[in-house]
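Chain letters run A, B, ... following the sequence lines, proteins first, then strands; residues in each count from 1.
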Number of protein chains: 2
Amino acid sequence: MPPTSPAVKAQLMELLAHSLGAHYADFATAAAAAGLTSSQAKTLTVLRRSPDSMRSLAGTLGCDASNMTGVIDRLEKRGLVRREVSPADRRVKNVALTEEGIQAIDAIRSTMNGTHAGLDRLSEAEQTELARLLSTVFPR
Amino acid sequence: MPPTSPAVKAQLMELLAHSLGAHYADFATAAAAAGLTSSQAKTLTVLRRSPDSMRSLAGTLGCDASNMTGVIDRLEKRGLVRREVSPADRRVKNVALTEEGIQAIDAIRSTMNGTHAGLDRLSEAEQTELARLLSTVFPR
DNA sequence: TATTGTTATACTCTATAACTATA
DNA sequence: TATAGTTATAGAGTATAACAATA
């Protein structure tokens with residue numbers, strides 16, 4: 001990405017934030033349809049790639065480690081994840097998706113692929129403005 | 001915006017979501033530095049444009065009207081906003097920023113303009129991929 | 001001593017339902 | 001009757017501090 005003025009980037013981020021707001025709302029709605037909160041669904045998304053420790057999960061999700069206990073407790077109670085003591089370090093607990101957990105997050109992602117409403121929700125004027133800003137930040 | 005395959009849009013949204021995630025984190029950090037939560041700062045951002053009723057605020061922020069009571073209570077207690085009974089309809093309360101409220105949200109937005117780290121945090125490979133996807137969604 | 005996960009605590013956000021003042 | 005705002009209630013997310021088990 002070539003150097004661009006902060007003002008242009010700020011405008012771009014603001015416009016994208018507007019669009020992404022709708023995207024996040026869609027994600028929350030899709031999660032709610034599965035009886036999950038955004039945090040729970042986000043956690044499943046992270047675990048979809050590979051099992052992870054409580055501490056590392058907290059880091060990835062950007063929250064304090066103490067929060068993960070409650071979030072994982074609720075997911076485990078519903079059978080979507082399971083805790084496994086690490087053989088290498090018995091202080092560590094690796095959290096992994098169960099078959100049910102995989103199905104739950106895949107269903108949400110499938111719903112998201114069907115909506116992809118983020119950019120479509122921008123008005124014509126906003127789309128034009130977005131294209132203009134993008135051509136400035138990513139010139140060709 | 002011309003028609004584009006859902007798969008391309010989904011990829012684009014995912015990449016932008018990654019970037020915007022950092023943007024939101026920056027916003028939350030800037031708000032926290034001012035002793036405000038994200039919800040409180042977002043509320044001030046909305047009010048920065050013009051005063052608004054409790055109900056309308058809830059609609060804009062995408063939450064239930066009952067939530068606004070507590071959020072506005074806390075902002076009012078800190079002298080950042082004030083409630084005013086609407087002369088036209090005495091059921092309605094218009095919420096407006098105080099001078100302190102204006103300064104608070106302007107400080108946060110100023111900090112954000114200084115960071116604009118959203119796009120910059122993408123790796124080289126991600127930026128290249130982003131440019132490619134954008135040229136597909138916004139052909140020139 | 002340092003680190004991992006948990007617990008205890010407190011605050012905020014959030015939705016639902018019931019209530020009041022007004023229209 | 002309908003609407004705007006509030007209150008009561010409950011669940012979830014969040015951070016801080018203190019703790020036990022393990023390294």
Chemist: Taking atom types as they are modelled, would you say the side chain of B:Arg91 forms a donor-acceptor pair with the base of D:dT3 within the 3.5 Å cutoff?
Modeler: yes
Chemist: Atom CD of A:Gln40 to atom C1' of D:dG13: distance rounded to whole Å?
Modeler: 10 Å
Chemist: Classify the side chain of B:Ser39 versus the base of C:dT12 as yes if they form a donor-acceptor pair under 3.5 Å and no if they do not.
Modeler: no
Chemist: Measure from CG on A:Asn94 to C1' on C:dT4 and round the result to the nearest Å.
Modeler: 12 Å
Chemist: Touch check for A:Asp64, heavy atoms < 4.0 angstrom, all strands: base, sugar-phosphate only, or nothing?
Modeler: base
Chemist: Over how many whole Å does the gap from A:Lys42 atom NZ to D:dT14 atom C1' extend?
Modeler: 12 Å
Chemist: Provide, to the nearest angstrom, the distance between the CG atom belonging to B:Leu36 and the C1' atom belonging to C:dC11.
Modeler: 14 Å
Chemist: Go through D:dA23, C:dC13, C:dT7 for me and flag the one nearest to the A:Thr69 side chain.
Modeler: C:dT7
Chemist: So which one's nearest nucleotide on DNA chain D is more toward 5', A:Arg74 or B:Arg55?
Modeler: B:Arg55
Chemist: Using a strict cut-off of less than 4.0 Å between a Lys/Arg side-chain nitrogen and an Asp/Glu carboxylate oxygen, indicate whether B:Arg78 and B:Glu76 qualify as a salt bridge.
Modeler: no
Chemist: What is the distance, to the nearest angstrom, from the CG atom on A:Asp73 to the P atom on D:dG13?
Modeler: 11 Å
Chemist: For B:Ile72 and C:dC13, give me the distance from atom CD1 to atom P, rounded to whole Å.
Modeler: 10 Å
Chemist: So, A:Ser110 side chain and A:Asp106 main chain: donor-acceptor pair closer than 3.5 Å or not?
Modeler: no
Chemist: Taking only the side-chain nitrogens and oxygens of A:Arg90, find out if one of them lies under 4.0 Å from OP1 or OP2 of D:dA20.
Modeler: no
Chemist: Mind calculating the distance between CE (A:Met68) and P (D:dA15) to the nearest angstrom?
Modeler: 11 Å
Chemist: Could you check whether B:Asn67 gets within reach of a base, just the sugar-phosphate, or nothing at all, counting any heavy atom under 4.0 Å?
Modeler: base
Chemist: Under a 4.0 Å N-O cut-off, is there an ion pair linking A:Arg83 with A:Asp73?
Modeler: yes
Chemist: Ignoring hydrogens and geometry, is there a side-chain-to-backbone donor-acceptor pair from B:Ser38 to B:Ala28 under 3.5 Å?
Modeler: no
Chemist: Does a side-chain N or O of B:Thr37 approach OP1 or OP2 of C:dC13 to a distance below 4.0 Å, or not?
Modeler: yes
Chemist: Output yes when at least one side-chain N/O atom of B:Lys93 is less than 4.0 Å from OP1 or OP2 of D:dT6, else no.
Modeler: yes
Chemist: Which residue, A:Ser38 or B:Met54, contacts DNA chain D at a nucleotide closer to its 5' end, judged by nearest heavy atom?
Modeler: B:Met54
Chemist: Determine, step by step, whether B:Ile72 and B:Leu57 satisfy the side-chain contact (heavy atoms from CB on, under 4.5 Å) criterion, reporting the C-alpha distance in whole Å, the side-chain angles of both residues, the deciding distance to 0.1 Å, and the verdict.
Modeler: CA-CA 10 Å; B:Ile72 297 299; B:Leu57 268 179; 4.1 Å; yes
Chemist: Find the distance A:Leu57:CG to C:dG5:C1' and express it as a whole number of Å.
Modeler: 12 Å
